[in-house]
Participant: 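Could you have a look at this structure, given as structure tokens, before my questions?
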Amino acid sequence: MLLKTFVSFLFAACLTLTATGAYSQDEGMEAFSNQTAGKLFTIKGSNTIGAKLAPAWVKNYLEAKGLTNVSIKTTNIENEYRIEGYNGDLPVFVDIQAHGSGTGYSGLADGTGNIAMSSRPIKDSEASLLQSLGNMRDFSAEKVVAIDGLAVIVNRSNPVSSLTVDQIAKVFAGEISNWSQLGGGDMPIRVYARDDKSGTWDTFKSLVLGKSYSLTASAERFESNDQLSDRVSTAPGGIGFVGLASVRRAKALGISEDSTDPLKPEPLYVATEDYPLARRLFMYVSPNQNNPLVNEFIHFVQSTKGQEIVNQIGFISQNPLSLQSELYADAPQTYKVLTENAMRLSVNFRFKDGSAELDNKAKQDILRIVRYMQMPENADKRIQLVGFGDSKETAARSTVLSKLRAVAVKSALYSYGISSESVLGLGSDLPVASNAGSARLKNQRVEVWVFDSQLRSMMTETKKDASREKRQAATIDYAGSH
């Protein structure tokens, strides 16, 4: 049954990727017609995206389309911008209104916005509100445009360097009120938080507070990430949370969850979403919308150039990078060999909730890996896919499922002519999140490693040794359960 389900998924996934791949390639753009003038479209929603990133995208997009004297102008309303340029003598502009993720969805609903910016996935209630526009969770509607690390920040003078997610929750709920309770000095904790309209707040509430905690009534609230960060940097006892691009003069803490090691919001761990408070930044459009300029702009945002702008602004690009990964002392021997001899790409493939189907980001990432491997400097590189999963009834089942996920990615890449080594499945080893509740989905992932071709024989032998170890462990596991 498991194999039959997997084969059905694989066939459907390859069809989906083939159908959507042409749209996602980096292509040149034609200039505007000589009659184009006035407003092109309106973008509403998240301040995290709208404060700097979206204006930069629009400015570069308009310049790429041939406009001159393109500028970002503030309006008399805070967190609203007009990006304007000239098509000959004709003014052309895009409006951005960045008052929180929820306002993006309401803008789509009432027709005042063409693109919704959101620093969290769309809620069920919002998808239901917008159902007349189409399926808002479809690949044609939901676009992951950048990765952000939700940084928990303190004053630079604070000696505390890391906290668990549970400790952070208790601090923001007011249950821990003095830094001495966390290994710091005898100093009251001052809590700063984003406002209720913010997607940053929604993400923090979901990832940290959950249903067990509520924000302390004494918290000071802010509409802007930068304003909150600047307040923490001047308050010795302060603690707050902001998007990664807004750490500024404050100090970002290392974060751990359950038995995982503390990770700071560094590029590799944020890009792969291993960092406990990593999050995706989204743009949503109506699947049925017929404005070709909206589609072209979204295409630009997700292109290699658009993702370079992500890095320039201070968020994490989705363009694949090869980076050295940390060596984990308790990692399986095969993984240690990879860490010592290969480079890890800044991409993790993840899957739809309760499914073996690649999620919308993964479908786009397949195309990014294809472009990466087609670069001349990577001609001698080999890909090693490593699948992981959450804990199952037996270690053997977890291992099989992790390997099937890696095979799904391997097959999707092969459909574009990119071959990879035989996959490796490490089951529930090296969790990056709790194996309880919805957090376990983060453990269902496929890592991508690259190594030089001359190391292929060594890697093959190492995998054979790992397979023997896994079979022996599975035999012991089976015997112990009967």
Side-chain angles (χ1 to χ4, degrees), residues 120-121 144 147-152 162-169 203-204 206-208 210 244 252-280 316 318 320-332 334-336 338-339 342-356 358-359 361-362 365 384-392 395 398-399 401-406 408-409 423-449:
R120 56 166 172 77
V144 178
I147 303 296
D148 187 20
L150 195 61
V152 176
S162 65
L163 294 173
T164 67
V165 173
D166 188 60
Q167 286 174 322
I168 296 168
T203 300
F204 182 83
S206 173
L207 295 179
V208 178
L244 186 62
L253 296 177
I255 310 296
S256 62
E257 185 178 19
D258 286 352
S259 59
T260 63
D261 294 327
L263 292 176
K264 287 192 174 183
E266 296 176 357
L268 175 61
Y269 303 123
V270 177
T272 58
E273 302 173 274
D274 291 346
Y275 172 67
L277 302 185
R279 63 173 178 174
R280 299 175 176 187
I316 301 298
Q318 297 175 90
L321 295 174
S322 58
L323 300 166
Q324 189 68 50
S325 183
E326 182 179 350
L327 180 61
Y328 294 100
D330 58 346
T334 317
Y335 197 84
K336 289 181 180 178
L338 266 180
T339 306
M343 301 291 283
R344 185 175 168 190
L345 292 191
S346 57
V347 173
N348 267 359
F349 288 97
R350 286 190 165 84
F351 303 82
K352 289 187 176 181
D353 189 356
S355 167
L358 295 170
D359 67 14
K361 172 173 163 50
D365 284 338
Q384 178 62 60
L385 300 169
V386 186
F388 294 89
D390 53 328
S391 296
K392 297 298 182 184
S398 182
T399 298
L401 290 172
S402 69
K403 185 172 287 189
L404 289 178
R405 291 187 189 98
V409 176
V423 303
L424 187 63
L426 295 183
S428 58
D429 288 339
L430 301 178
V432 296
S434 169
N435 273 310
S438 60
R440 64 183 173 79
L441 295 175
K442 288 191 72 172
N443 292 324
Q444 299 174 8
R445 68 197 191 277
V446 175
E447 295 181 358
V448 186
W449 294 75

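Computed over heavy atoms, backbone and side chain alike; hydrogens, waters and symmetry mates excluded.
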Participant: So which atom in Pro267 and which in Ile316 form the shortest heavy-atom distance, rounded to 0.1 Å?
Facilitator: CA-CD1, 3.8 Å
Participant: Ignoring hydrogens and angles, state whether a donor on the side chain of Thr164 or Asp166 is under 3.5 Å from an acceptor on the partner side chain.
Facilitator: no
Participant: Quick one: CG on Leu441 to OG on Ser434, what's the gap to the nearest 0.5 Å?
Facilitator: 11.0 Å
Participant: As a quick check of understanding, evaluate side chain to side chain contact (heavy atoms under 4.5 Å, CB included) for Ile255 and Leu263, giving each step before the final call.
Facilitator: CA-CA 5 Å; Ile255 310 296; Leu263 292 176; over 6 Å; no
Participant: Identify the heavy atoms of Thr272 and Leu268 that sit nearest to each other, and give their distance.
Facilitator: OG1-O, 2.8 Å
Participant: Using modelled atom types and a 3.5 Å cut-off, is there a donor and acceptor pairing between side-chain atoms of Gln384 and backbone atoms of Ala342?
Facilitator: no
Participant: Quick check for you: to the nearest 0.5 Å, what is the distance between Thr203 atom OG1 and Arg279 atom CZ?
Facilitator: 4.5 Å
Participant: Using the test ring-ring contact (aromatic ring centres under 6.0 Å, His included), find all partners of Phe349 that sit at least two apart in sequence or belong to another chain.
Facilitator: none
Participant: Considering non-hydrogen atoms only, spot the tightest contact between Pro265 and Tyr275 and give its length.
Facilitator: N-CE1, 3.7 Å
Participant: Return the minimal non-hydrogen interatomic distance between Met343 and Leu323, and the atom names on each side.
Facilitator: CE-C, 3.5 Å
Participant: Less than 4.5 Å apart, any side-chain heavy atom of Leu385 and any of Val448?
Facilitator: yes
Participant: Measure the shortest side-chain to side-chain distance between Ile147 and Arg280 over non-hydrogen atoms and say whether it is less than 4.5 angstrom.
Facilitator: yes
Participant: How far does CG of Leu424 sit from CH2 of Trp449, to the nearest 0.5 angstrom?
Facilitator: 11.0 Å
Participant: With a 4.5 Å heavy-atom cut-off, do Leu277 and Val208 have their side chains touching?
Facilitator: yes
Participant: Before you tell me yes or no, could you show the steps for Leu253 and Ser162 under side chain to side chain contact (heavy atoms under 4.5 Å, CB included), namely the whole-Å CA-CA distance, both residues' side-chain angles and the distance that decides it to 0.1 Å?
Facilitator: CA-CA 5 Å; Leu253 296 177; Ser162 65; 5.6 Å; no
Participant: Under 3.5 Å, is there a donor-acceptor pair between the side chain of Arg405 and the main chain of Lys403?
Facilitator: no
Participant: Does a side-chain N-to-carboxylate-O contact under 4.0 Å join Arg350 and Asp274?
Facilitator: yes
Participant: Closer than 3.5 angstrom, by distance alone: can the side chain of Ser346 be matched with the main-chain N or O of Leu321 as a donor-acceptor pair?
Facilitator: yes
Participant: Measure the NZ-CG distance between Lys264 and Leu244 for me, rounded to the nearest 0.5 Å.
Facilitator: 12.5 Å
Participant: Measure across Gln324 and Thr339 and return the closest heavy-atom pair with its distance rounded to 0.1 Å.
Facilitator: NE2-O, 2.9 Å
Participant: Heavy-atom distance under 4.5 Å between the side chains of Asp330 and Leu430, does that happen here?
Facilitator: yes
Participant: Give me the atom names and distance for the closest heavy-atom approach of Glu447 to Tyr335.
Facilitator: OE1-OH, 2.7 Å
Participant: Using modelled atom types only, decide if a donor and an acceptor are shared between the side chain of Ser402 and the backbone of Thr399 within a distance under 3.5 Å.
Facilitator: yes
Participant: Output yes when Lys442 and Glu273 qualify as a salt bridge under the 4.0 Å nitrogen-oxygen rule, no when they do not.
Facilitator: no
Participant: Phe388 vs Val432, test: side chain to side chain contact (heavy atoms under 4.5 Å, CB included). Steps then yes/no.
Facilitator: CA-CA 10 Å; Phe388 294 89; Val432 296; over 6 Å; no
Participant: Enter the distance from Phe351:CZ to Leu404:CG here, rounded to the nearest 0.5 Å.
Facilitator: 10.0 Å
Participant: Can you tell me how far CG of Leu338 sits from OG of Ser325, rounded to the nearest 0.5 angstrom?
Facilitator: 9.5 Å
Participant: As a quick check of understanding, evaluate side chain to side chain contact (heavy atoms under 4.5 Å, CB included) for Leu358 and Lys352, giving each step before the final call.
Facilitator: CA-CA 6 Å; Leu358 295 170; Lys352 289 187 176 181; over 6 Å; no
